[in-house]
Amino acid sequence: MADAIPTLSDDARTRVEAAAFRRLLAHLNEARPDVQNIDLMILAGFCRNCLADWYRDAANAEGAALDKDAAREAVYGMPFAAWKAQHQKDATPEQLAAFEAAQQKHAS
């Protein structure tokens, strides 16, 4: 049986969450840039753009005015247009159909 999650101070919890978020971004952008956003949306219901939106919302809640492009650059590690040119492929008909099916399944 695994040990219980240790009690962390709010500051320590924030540092742990920030480290996990940074590791997720590194994994998506450095280790797995081949994983397309549409595939993430099909399987998980979110993608890098969603992460950028959540990042922007959190920054704005803290009083830091962050626009969509700046948030995307923070998440992608480069301007979105550059990432898109380097890594994004056109969605296949199969991906588009799977995306539509996933959207309908989770809309209910």
Side-chain angles (χ1 to χ4, degrees):
M1 179 177 211
D3 293 343
I5 297 172
T7 303
L8 298 172
S9 69
D10 286 345
D11 287 343
R13 190 175 118 223
T14 298
R15 288 191 303 274
V16 168
E17 290 169 348
F21 179 73
R22 286 187 209 100
R23 190 168 176 181
L24 171 63
L25 293 180
H27 181 75
L28 288 173
N29 296 331
E30 296 166 20
R32 294 304 309 266
D34 59 310
V35 175
Q36 297 296 298
N37 279 339
I38 193 165
D39 294 321
L40 289 170
M41 287 297 295
I42 293 164
L43 295 172
F46 78 96
C47 68
R48 292 169 183 89
N49 291 337
C50 298
L51 289 173
D53 290 344
W54 301 338
Y55 187 89
R56 183 186 66 221
D57 292 345
N60 290 338
E62 289 296 319
L66 193 65
D67 67 19
K68 179 174 142 180
D69 292 332
R72 284 187 175 184
E73 187 165 343
V75 166
Y76 284 91
M78 64 178 70
F80 179 59
W83 188 90
K84 201 171 163 181
Q86 289 178 26
H87 302 291
Q88 188 166 310
K89 299 174 183 166
D90 290 338
T92 66
E94 295 81 11
Q95 286 172 315
L96 293 172
F99 176 74
E100 182 61 33
Q103 295 291 91
Q104 289 178 6
K105 178 181 177 183
H106 296 292
S108 344

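Numbering starts at 1 and runs along the sequence shown.
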Query raised in the report: When you look at CG of Asp34, are more than 12 heavy atoms from neighbouring residues, nucleotides or ligands closer to it than 6.0 Å?
Result: yes
Query - Whether Gln36 side chain and His87 backbone form a donor-acceptor pair below 3.5 Å - result: yes
Report summary line: In terms of heavy-atom contacts, Ala71 and Arg56 come closest through CB-CB, 3.7 Å
Query - Connected via hydrophobic side-chain network under 4.5 Å: Ile42 and Leu96 - result: yes
Query raised in the report: Would one find more than 12 heavy atoms of other residues, nucleotides or ligands at under 6.0 Å from atom CZ of Phe80?
Result: yes
Query raised in the report: Shortest non-hydrogen contact from Glu73 to Pro79?
Result: CG-N, 3.8 Å
Requested in this report: Apply side chain to side chain contact (heavy atoms under 4.5 Å, CB included) to Ala12 and list each qualifying residue two or more places apart in sequence or on a separate chain.
Outcome: Leu8, Ser9, Arg15
Requested in this report: Answer with yes or no whether the hydrophobic clustering places Trp54 together with Leu66; edges join I, L, V, M, F, W, Y residues whose side-chain heavy atoms lie under 4.5 Å apart.
Outcome: yes
Report task. If a pair satisfies side chain to side chain donor-acceptor pair (under 3.5 Å) and one of its residues is in residues 58-72, list it, with sequence neighbours excluded. Result -> Asn49-Arg72
Query raised in the report: Are any of the side-chain heavy atoms of Asn29 and Arg48 separated by less than 4.5 Å?
Result: yes
**Report entry** Gap separating the OH atom of Tyr55 from the CG atom of Leu25, nearest 0.5 angstrom
**Finding:** 8.5 Å
Query raised in the report: Any link between Leu51 and Leu43 through a network of hydrophobic side chains (Ile, Leu, Val, Met, Phe, Trp, Tyr) touching at under 4.5 Å?
Result: no
